[in-house]
Amino acid sequence: MKKKILIVDDEAGIRLLLEDLLESDGHEIFTAKNGKEALELLSIHTFDLLIIDYKLPITDGVEVIKQLEKEHKELSIIVMSGLVENIKDEVITLRNVKKVLSKPFNVLEVKEFVNQLLVQ
């Protein structure tokens, strides 16, 4: 069964890379370039996984995650950041966050982790 994944990053290259990578495994991919767009998509679609950058324009990634928690939306979340050590303590307290990815990341490891997560 196809899993729906939302990828949120202000860098088009990262969105495209992850979209190509995960679409090749048969997942249905949606993308957003900021937190505001992500919240709009999350209000109309149900996703199995959210891959979101920590630092985003308009609405930050953590603000998006906290909003989802307020609305009691259950979905697995992977947070990406270039400054993982600075954010890990804050992000790990958010209940749906399954992993914090350091940018740049190994695409094969991401693909493997996503597929393991979506099989559960």
Side-chain angles (χ1 to χ4, degrees):
M1 188 166 112
K2 257 188 181 184
K3 300 290 184 173
K4 288 172 72 172
I5 301 171
L6 175 58
I7 299 166
V8 188
D9 199 301
D10 55 331
E11 294 180 49
I14 290 179
R15 288 194 311 270
L16 284 169
L17 172 69
L18 289 170
E19 183 175 11
D20 288 348
L21 183 73
L22 299 172
E23 247 178 9
S24 71
D25 283 345
H27 303 299
E28 186 176 359
I29 308 299
F30 293 74
T31 63
K33 62 181 175 276
N34 60 53
K36 183 179 182 285
E37 283 182 13
L39 287 170
E40 289 169 4
L41 285 167
L42 286 157
S43 72
I44 31 184
H45 299 282
T46 301
F47 293 97
D48 300 292
L49 176 63
L50 170 63
I51 302 175
I52 189 165
D53 192 17
Y54 177 81
K55 198 78 178 147
L56 291 168
I58 305 173
T59 305
D60 239 354
V62 170
E63 290 176 50
V64 171
I65 295 167
K66 288 180 178 176
Q67 182 63 38
L68 293 173
E69 285 188 354
K70 272 188 212 163
E71 296 172 9
H72 303 288
K73 288 198 176 187
E74 291 295 322
L75 78 154
S76 296
I77 300 171
I78 296 173
V79 177
M80 302 178 289
S81 175
L83 305 166
V84 168
E85 293 309 313
N86 298 353
I87 68 158
K88 205 165 198 162
D89 291 341
E90 175 189 7
V91 172
I92 214 69
T93 63
L94 301 167
R95 99 181 109 92
N96 291 326
V97 174
K98 306 300 181 200
K99 189 168 187 69
V100 180
L101 279 180
S102 179
K103 287 181 177 179
F105 46 80
N106 178 316
V107 291
L108 296 177
E109 286 176 15
V110 172
K111 185 176 183 163
E112 186 178 312
F113 183 77
V114 165
N115 287 322
Q116 287 173 357
L117 193 61
L118 293 175
V119 169
Q120 295 175 353

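Residue numbers count from 1 along this sequence.
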Short N-O contact, Lys66 and Glu71, less than 4.0 angstrom: no

[X] versus [Y], closest heavy-atom pair with distance:
{"X": "Leu56", "Y": "Ile52", "answer": "CD1-CG1, 3.7 Å"}
{"X": "Lys111", "Y": "Leu22", "answer": "CA-CD2, 4.4 Å"}
{"X": "Ala32", "Y": "Glu37", "answer": "CA-OE1, 3.4 Å"}
{"X": "Leu41", "Y": "Phe47", "answer": "O-CE1, 3.7 Å"}

Exercise: do Glu63 and Gln67 side chains pair donor with acceptor under 3.5 Å: no

Between His27 and Asn115: side-chain donor-acceptor atoms closer than 3.5 Å: yes

Neighbour count >12 (heavy atoms, 6.0 Å) for atom NZ, Lys73: yes

NZ/Lys36: more than 12 non-hydrogen atoms of other groups inside 6.0 Å: no

Side-chain heavy-atom pair Ile77, Ile51 within 4.5 angstrom cut-off: no

Mutual orientation of the aromatic rings belonging to Phe30 and His45 [parallel < 30°, tilted 30-60°, perpendicular > 60°]: tilted

Side-chain donor-acceptor pairs under 3.5 Å in residues 4-14, sequence neighbours left out?
from: Asp9; atom 1: OD1; to: Glu11; atom 2: N; distance (Å): 2.8
from: Asp9; atom 1: OD2; to: Lys103; atom 2: NZ; distance (Å): 2.7

